[in-house]
Every structure is written in structure tokens, then in C-alpha cells.
Amino acid sequence: MFDVITAAAGAAGVFAATNLDDIVVLTVLFVAARHNGRPRPWQIVAGQYAGIGALVAVAVVAAAGLLVVPDPWPGLLGLLPVALGVRALLTRRDDDEPLAVVGSLLGVAGVTIANGADNIAVYVPVFRALDPVTGLIWLLVFAVLVAVWCAPSCPDRPPHPADPPRRPPRRS
């Protein structure tokens, strides 16, 4: 039982560390949905699940492929997010326009995947080290935490008793 709790806690910590930036993205998407109706909230949640699922699938396949690579080498994958950030910084132009907010399930999944280089860089070495049962525990925790991540970002969620009272919108 202790192993299950330890695995779940580890999965929750890794998920939180790699998906903290997704809270901002989800909030922007839910606000856009509230103001112009696109994407719909169900598309945001389903797209988030699809995107995280794709990232995890890529990481699991890459981790399985790395089982033939000697142990010290997969640790260098941690340099991947740094290299991507440096490349983006060096290729940045002043005339880059901000990206438009997406309007579909596939668009949300695409944003999640595009935002997930850090996820893959962390997940691959972790999944390489996990046994299959612990890996399943991690996948279950990830599935639950996607819902937890989407809940506070959604402005139309039912209020929780601990939430501060909401002010009604002002009418002009």
C-alpha cells in the first residue's frame, strides 16, 4: 500500500511541476470560451486530455526505446527544454504577432502538445525507470490531475463552499 501512495505522490509532483504553465493556458482558453463561445468548455477539457495523452504516449514510447541506451545518457534529456528555450530566444523577432486563441478540440490538443516539450523531457527518463504497475499508477494519477487542472480554470464551474462569494456581473 505504501508503494501505491509513494507512486501516486511522485506522479502528482511530476505532473504539477510540468503542467503549472497549463493553468495559465487553460484559463485563457476558458475566458475565450466565455466571451466568444469558442472553444466550448467540453472541447477544452477533451483537448487537454488528448494533448496530455499524446505527450505521455510519446514519452512512454521514447522511454521504451531508451531501454537499450546505457543509463547515464537518458539523463541528458533534461537539457532539451533548455536548448529549445535558447533556440526560441535566438530566433525571436520583434514583429512576431501573438497567436490567436484556438477554437476546437484539436486546436486545444495542439496547444497542449506545443506547450509540452518540458513534459516529454521530464517524462521520458521517469517512465524509463518505472516498472509497468507503477507506470499504470502514474497514468491514472495523470488522468485524474488533468480534471483537477481544468476545474479551477473553468469560470463556469459550480462554486465550492470555500470559494469567496462571486459578484454578479455589472450591467451597463
Tell me whether Leu106 shares a hydrophobic cluster with Trp42, the cluster being built from Ile, Leu, Val, Met, Phe, Trp, Tyr side chains joined at under 4.5 Å. yes

Given the options Val45, Leu29, Ile23, Asp22, Cys150 meets side-chain contact (heavy atoms from CB on, under 4.5 Å) only with Val45

Here the gap from Ile137 atom CD1 to Asp3 atom CG, rounded to the nearest 0.5 Å, amounts to 8.0 Å

One should read off an interatomic distance between Thr18 OG1 and Asn119 CG, to the nearest 0.5 angstrom, of 4.0 Å

Worksheet item: Cluster question for you: counting only ILVMFWY and a side-chain heavy-atom cut-off of under 4.5 Å, with indirect links fine, are Leu140 and Tyr49 together?
Response: no

Heavy-atom side-chain contact between Thr112 and Val25 under 4.5 Å:
no

Close side-chain approach of Phe127 to Leu139, heavy-atom, < 4.5 Å
yes

Of all heavy-atom pairs linking Pro41 and Ala33, the shortest is CD-CB, 4.4 Å

Hits for side-chain contact (heavy atoms from CB on, under 4.5 Å) against Leu145, two or more places apart or cross-chain, chain-then-number order -> Ala12, Phe15, Val141, Val148

Determine all donor-acceptor pairs shorter than 3.5 Å in which one atom belongs to a side chain in residues 51-63; sequence neighbours excluded.
none

With sequence neighbours left out, the residues meeting side chain to side chain donor-acceptor pair (under 3.5 Å) with Asp21 are Asn115

When every non-hydrogen atom of Ala11 is compared with those of Phe142, the smallest separation belongs to O-CE1, 3.4 Å

Quick one: do Val31 and Leu105 end up in the same hydrophobic cluster if we chain Ile, Leu, Val, Met, Phe, Trp and Tyr together by side-chain heavy atoms under 4.5 Å apart? no

Joint cluster assignment, Ile113 & Ile120, ILVMFWY side-chain distance < 4.5 Å: yes

Separation between CH2 (Trp149) and CG (Leu26), nearest 0.5 Å, reads 10.0 Å

